[in-house]
Amino acid sequence: MASNPPGKCCVEGFYHEGTPSGKTSELYGLETYVAGPESSKDGNVLVILTDVYGIKVNNVLLIADQLAAISGYKVYVPDFLFGDEVGNDVVMMDGTFDVAGWLQRHNVEKTHGLVNGFLTSLKSDVKPNKIGVIGYCFGAKYAIKQIDSESGLADVAAVAHPSFVDIKEVEAIGKRPLLISAAENDTIFPEELRRQTEDSLKKMGANYQLNIFGTVAHGFACRGDLSVPQVRYAQDKTIEDQVSFFKFYFNNV
């Protein structure tokens with residue numbers, strides 16, 4: 001296992017204040033938040049696969065806005081949780097959520113199928129030049145599966161504090177580029193699993209980048225306490241790194 005299954009820390013976090021500037025509508029059968037220009041820069045697009053909070057809280061929507069503003073790419077955030085996300089009625093820091101029951105409803109076959117369906121329709125309809133996928137926590141597994149060298153529908157992937165990733169899924173990416181943004185304090189993606197992942201990527205000669213942010217914990221990149229300077233820096237730097245990584249590899253894959 002490259003990262004452990006989701007746990008209590010995956011449903012804890014902080015709500016981010018702000019007003020998203022994109023629009024939400026049904027797209028390819030899924031409610032989808034879309035940010036960015038009508039015409040995406042260089043014909044490339046980004047797709048965010050969220051954590052268990054989906055698109056019903058501001059956090060990932062504000063991140064999509066930032067990504068679009070910095071990169072010039074259109075950013076899509078589909079609700080691949082089919083409306084069964086952890087909602088606003090759950091106090092994030094409480095953590096009182098049946099993770100095991102939720103995972104049963106969101107099994108790999110169903111979730112991967114929804115993501116595949118969305119990306120297949122996006123490629124057919126929009127005909128993007130390149131697709132970059134970003135996965136946060138729960139969504140990281142499915143972002144990595146989308147750069148599988150044989151069956152993946154995306155060209156480049158970036159993940160932050162990943163959960164539930166199998167080492168075989170990492171080994172299947174071949175030369176497709178992968179950016180990993182990790183927390184120093186993370187029981188889901190701890191040091192030994194980070195090293196196992198890095199060792200596999202090195203052995204493969206993969207196109208990868210691994211960033212470790214000291215002092216921060218699992219969830220920092222999308223639901224951390226932004227009043228803490230180190231957390232704010234880590235989230236902002238993760239977004240900047242993602243943009244740089246996609247821009248480089250969109251032109252070099």
Side-chain angles (χ1 to χ4, degrees), residues 1-15 29-33 47-57 59-61 63 76-119 133-148 151-154 157-173 178 180-183 185-190 192-194 196-197 217-224:
M1 182 69 71
S3 59
N4 290 320
K8 182 180 178 182
C9 62
C10 298
V11 295
E12 296 176 328
F14 292 81
Y15 183 81
L30 298 178
E31 186 176 7
T32 304
Y33 180 79
V47 177
I48 296 178
L49 303 177
T50 70
D51 63 5
V52 299
Y53 282 93
I55 65 172
K56 299 303 183 182
V57 295
N59 299 28
V60 73
L61 310 185
I63 288 171
Y76 299 85
V77 193
D79 178 18
F80 71 116
L81 307 180
F82 49 89
D84 183 33
E85 63 288 310
V86 180
N88 285 329
D89 55 325
V90 177
V91 179
M92 282 190 170
M93 285 305 296
D94 182 11
T96 54
F97 182 68
D98 180 11
V99 177
W102 190 89
L103 288 174
Q104 289 180 351
R105 298 193 300 276
H106 296 261
N107 60 66
V108 175
E109 182 179 4
K110 181 174 185 178
T111 303
H112 184 51
L114 288 172
V115 175
N116 263 352
F118 182 86
L119 289 180
V133 287
I134 299 172
Y136 293 100
C137 191
F138 176 76
K141 178 182 183 74
Y142 302 97
I144 289 175
K145 289 175 77 68
Q146 287 304 330
I147 56 167
D148 184 293
S151 61
L153 298 173
V159 300
H161 38 84
S163 67
F164 221 31
V165 179
D166 191 285
I167 193 64
K168 292 181 180 179
E169 292 167 337
V170 174
E171 293 170 347
I173 71 174
L178 174 63
I180 303 171
S181 300
N185 305 312
D186 192 341
T187 58
I188 305 298
F189 192 46
E192 62 270 22
L193 294 183
R194 291 201 310 263
Q196 179 192 28
T197 301
H218 186 86
F220 74 91
C222 61
R223 56 179 185 276

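No experiment lies behind these values; they were computed from the predicted model shown.
- Going from atom CD1 of Ile147 over to atom CG of Leu153 covers 12.0 Å, rounded to the nearest 0.5 Å.
- Of the listed residues (Val47, Thr32, Ile55, Ile134), just one forms a side chain to side chain contact (heavy atoms under 4.5 Å, CB included) with Val77, and that residue is Ile55.
- How far CG of Leu49 is from OG1 of Thr111: 10.5 Å, rounded to the nearest 0.5 Å.
- With contacts defined as side-chain heavy-atom distances shorter than 4.5 Å, the pair His106/Phe82 qualifies.
- A heavy-atom distance below 4.5 Å is not found between the side chains of Phe80 and Phe118.
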Q | Tyr142 vs Val108, side chain to side chain contact (heavy atoms under 4.5 Å, CB included): CA-CA, chis, key distance, verdict | A | CA-CA 9 Å; Tyr142 302 97; Val108 175; 3.6 Å; yes
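- Leu81 and Val52 make their closest contact through CD1-O, 3.6 Å (heavy atoms, listed as atom of the first residue, atom of the second, distance).
- A distance of 8.5 Å separates CG in Asp166 from CD in Glu171, rounded to the nearest 0.5 Å.
- The nearest pair of heavy atoms linking Gly54 to Thr50 is CA-OG1, 3.2 Å.
- Between Ala221 and Ile63 the shortest heavy-atom distance is O-CD1, 3.3 Å.
- The structure places CZ of Arg105 at 9.0 Å from CG of Leu103, a figure rounded to the nearest 0.5 Å.
- Looking at every heavy atom in both residues, Ala143 comes nearest to Val159 through CB-CG1, 4.0 Å.
- For Pro78 against Leu30, the heavy-atom pair with the smallest separation is CB-CD1, 4.1 Å.
- A 4.5 Å side-chain heavy-atom check between Gln196 and Leu193 finds at least one atom pair inside the cut-off.
- Between atom CD of residue Glu192 and atom OG1 of residue Thr197 there is a gap of 10.5 Å, rounded to the nearest 0.5 Å.
- Of all non-hydrogen atoms in Tyr33 and Leu61, the two that sit nearest each other are CG-CD2, 3.5 Å.
- No side-chain heavy atom of Lys145 sits less than 4.5 Å from a side-chain heavy atom of Asn116.
- Note that CZ of Arg223 is 5.0 Å distant from NE2 of His218, once rounded to the nearest 0.5 Å.
- Residues Glu85 and Asp51 form no side-chain contact, since every pair of their non-hydrogen atoms from C-beta on lies 4.5 Å or further apart.
- Relative ring orientation between His161 and Phe220 is described as perpendicular, the plane-to-plane angle rising above 60° on a 0-90° scale split at 30° and 60°.
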